[in-house]
Amino acid sequence: MYAKVIVDVPAKQTNRAFDYFIPEKLREWVMVGSRVGVPFGPRKLQGFVVGLQDHVDYDPAKVKPIAEVMDLYPPLTPDLVELASWISNTYLCHEITALQAMIPGALKAKYERHVKISDTMAGKRNDEKHTIGQHSMLLPVQDEIISYVREKGSVEIETLLQKFAADGGSVKQLMLEGTLVEVQLIKDRMATKKILTVIPHEEPSQLLEWAEQLPGRSAKQKEVLQYFAERPYPIKLSELLNELSISASTVKGLADKGWLDIQEVEVFRDPYAERYFRRTEPLPLMPEQQQVFDRISQAVLDVRHQVFLLQGVTGSGKTEVYLQSIQTCLDQGREAIVLVPEISLTPQMVERFKGRFGNLVAVLHSRLSPGERYDEWRKIMLKQVSVVIGARSAIFAPFTRIGLIIIDEEHESSYKQEESPKYHARDVAVARAGQHQAVVVLGSATPSLESMYGTMRKNSDRALEQMSTATGNSYTAAAKSDSAARGSITAATTSQAAWSGTIQQQAAPFELLTMNNRVEGRPLPRVHIIDMREELREGNRSMFSRSLYKAIEERLHKKEQIVLLLNRRGYSTFVMCRTCGYVAQCPHCDISLTYHQSSRAIRCHYCGYAEREVTVCPSCTSEHIRHFGTGTQRVEEELSKLFPGIRVIRMDVDTTTEKGSHEKWLTMFGNRQADLLLGTQMVAKGLDFPHVTLVGALAADTVLNLPDFRAAERTFQLLTQVAGRAGRHELPGEVYVQTYAPEHYSIISASRHDYNSFKDKEMTLRKFHEYPPFHRLILITLSHEQIPLLMRTAEALAARLKELAQSLAPLPIEILGPVASPIARIKDRYRFQCMIKYRGEASISGLVQQAVASFEDVERQHKLTISIDVDPQVLM
DNA sequence: CGCGGACATTTG
DNA sequence: AAATGTCCGCGC
């Protein structure tokens, strides 16, 4: 038997499976999805088994055997292995990168090089091999080295060289002559957690009998035995020591007598272990909820792959529909995945799921320690849970019988991973659900236009899809003849041009479900648009309009709570000299530095460069230097000035980095220990506090001014979300939106809670300007330290893309650029970008791959990098 | 002729 | 990615 293995080297040349022989004794253990250690050239590497076969069609003598299997159970399921291949084809990344993204960081390989005593030397005296006659040829230090290694069994080379720093040569010599041999080890970053546990050997009666036998001075040992006679065991050693206030030696004494056992037991680090979740029962559904639930649960029961787009206004009870749909899925013996944006994965959210499904739920989010994360993941793998709730990467939960995948707040851009693999969890979810004949529910109050477009595609589009598949094939042919002509592109590249697995490349139309009413018929809050230009004209230069000021004052008086949103993006806190106009810039990036009050430093967002706060202008030595823009810190200061005694909780990157701090602030606010919650985006998501009756957006339109075609969509979504925070309970809510663009359709539609009019307007504009969802984008960014080479290469790449696109005519593919990226330099590297705009039905990943492949030499020779982003969310 | 360094090749 | 192989210029 042979295994196809993808090795742990993310490079173009190694981006294919290598064959390995499976030795007889490993045959039971090697499966598709196994993690294995394999010899690769002179090295030993970790790899993933992606296929099994019983012969190779070349000289089998070339095939090396698998050295080891890393896990008791394969960490990946076969469907995930296929999905990784699909991801690498769709998002143009190395297959190993996709595979690595699917397992927790704790399982990422750590390579260690050790030395040990060679087998031929193992049983001998140190000097046996090194004697002539009576005389040892070993230097004393070499003798010492050998003894040291012999004692330890094996020693990491680094450690050994450090210990015998002055005698590196001796170590080398011993290795050269074969006394010491190198062993390459592959270790996990993180081991499973083990604790010491105490277990008695006999029944209570026997324990008491033994206790009697003990001499009087062994009072403590006696106590331990009596303890076990009465209590359930096993018990943690540490707990036992605590409880009886005894030392470990007491227990050890009993263990030495053979009366009890101290064992290492594997435990799960459970971040929610200390918490009690009150069990909840399904709530009665409103008619709308019931209809939606019926559609979803019917599809689940039918085991039919179907994508639903659930558009429900804030407060319409989407979560209850999710919960009951999941119940249907569980009742069927299948598993469910719930994706939630990182910042809305709040304790409140977790509580709702743990409350309903108890310890059947695993939770995965980035604030867990690597160990906790690994343990939650293992619960999934070991089938101890059937529901996982988590951020983006939870879509890779190693379940085997998925019935339902829910993506809450599906419009959130955080579902797109910005590093390789640059996948979109929503699209991966649809692909994965297809593998399992599972149902997908995309839930949002403000669906993304991409998902909306999915519901608009009619069956007539199916014909188009089939046509495109055909065109895709003809492209492959075209690429082949092209490569033959040039003789420069390998067959492997061409064969990767089109996905040929079993995952559907084009999804079937989505079904739209809507919920327009809030639970218990509570009205949506009234939204006031405030024209800040008007305020300025009338002499109000503060960041609060007069009406918002009054509204805040009123709530403080009535002891109701307030949420204030400051949209920080585009509202940077840059440092500027008011005399000469100097702005502090990062020396390595084309971006201004932002001011951080907590550390009294100015810092670059992109490369982390930081310097001390400046009080004197470095350019003109003026002292009129100040930080501009309205950071949350400044708003907080302003609030305490305007409303003395106001209790403000500020939530932003500065105050929520510490583990659990996010949770702490929200609990405080929920307990009404503060009057006002001030924050960035993170206060807009999913929070639900009964006493919040006022929500203010201080600068609603900052996003609007960004050079991004999704600016209006983002603005609309944010305002709708934040407005949904008010008046969710008995007290009615009110929303104030401050803006310099009060006539903009995104702001007007949001203030009227009118998704449809926004969507219609935006769709028309997108279609007119040939933007997504009607056209799709691929962003190619090139970076290098020098502009001339960069420009030349970017232009050559664009030309090559155009040339290749020609062969696809008449399919509409447009190559835009190259132009300098919006952030033209990061970490001392200049950046240029090309944009490919094409109609969704064209399959062009192969084309891009091929074009980029012809610049491999430049990439290698000049250390130029080319990165590809399929369906980019942020155009920077 | 032997050496070091740049560069290309290979990894099953 | 990293180890190995190849080639070339250089000093002797």
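The shown structure was predicted, so the numbers you read here are calculated from the model rather than taken from an experiment. Proteins come first, then strands; the chains are lettered A, B, ... in the order of their sequence lines, and each starts at number 1.
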**Item:** First and last nucleotide of DNA chain B, 5' to 3', lying under 4.0 Å from heavy atoms of chain A
**Value:** B:dT10 to B:dG12

**Message:** Side chains of A:Lys827 and A:Ser783: any donor to acceptor distance under 3.5 Å?
**Reply:** no

**Request:** Only pairs at least two apart or in different chains count here, so list each side-chain hydrogen bond (donor to acceptor under 3.5 Å, both in side chains) that has a residue in residues 95-107 of chain A.
**Result:** A:Asp8-A:Gln100

**Request:** Measure up the A:His424 and A:Tyr415 rings against each other and bin them: parallel (under 30°), tilted (30 to 60°), perpendicular (over 60°).
**Result:** tilted

**Asked** Which residues in residues 39-52 of chain A have at least one heavy atom lying under 4.0 Å from any atom of DNA chain C?
**Response** A:Pro42, A:Arg43

**Item:** Under 3.5 Å donor-acceptor, A:Ser821 side chain and A:Ala824 backbone
**Value:** no

**Prompt:** Have A:Glu342 and A:Ser366 got a donor and an acceptor in their side chains that come within less than 3.5 Å?
**Reply:** yes

**Item:** A:Pro370 versus A:Ala106, closest heavy-atom pair with distance
**Value:** O-CB, 4.4 Å

**Prompt:** Can a cation-pi geometry be assigned to A:Arg16 and A:Phe18, taking NZ or CZ under 6.0 Å from the six-membered ring centre and within 45° of the ring axis?
**Reply:** yes

**Prompt:** Do we see a donor-acceptor contact under 3.5 Å between the side chains of A:His94 and A:Asn15?
**Reply:** no

**Prompt:** Going by distance alone, is a donor N or O of one side chain under 3.5 Å from an acceptor N or O of the other, for A:Ser393 and A:Arg373?
**Reply:** yes

**Request:** Hey, could you give me the CD1/CZ distance between A:Ile96 and A:Phe48, rounded to the nearest 0.5 Å?
**Result:** 5.5 Å

**Item:** Sugar-phosphate, base or nothing in reach of A:Val9, heavy atoms under 4.0 Å
**Value:** base

**Request:** Classify the side-chain pair A:Gln53/A:His55 by whether it contains a donor and acceptor separated by less than 3.5 Å.
**Result:** no

**Item:** Secondary-structure notation, DNA chain C, from Watson-Crick and G-U pairs under 3.5 angstrom (| other strand)
**Value:** |||||||||||.

**Message:** Once you apply a heavy-atom cut-off of 4.0 Å, does A:Tyr58 come out as touching a base, just sugar-phosphate, or nothing?
**Reply:** base

**Request:** Quick one: list whatever passes side-chain hydrogen bond (donor to acceptor under 3.5 Å, both in side chains) with A:Asp79, sequence neighbours left out.
**Result:** A:Thr77, A:Arg432, A:His436

**Prompt:** Within 45° of the six-membered ring axis of A:Tyr374 and under 6.0 Å from that ring's centre, is NZ or CZ of A:Arg378 located there?
**Reply:** yes

**Asked** 5' to 3' on DNA chain C, which nucleotides open and close the contacts with chain A (atom under 4.0 Å from a heavy atom)?
**Response** C:dA1 to C:dT4

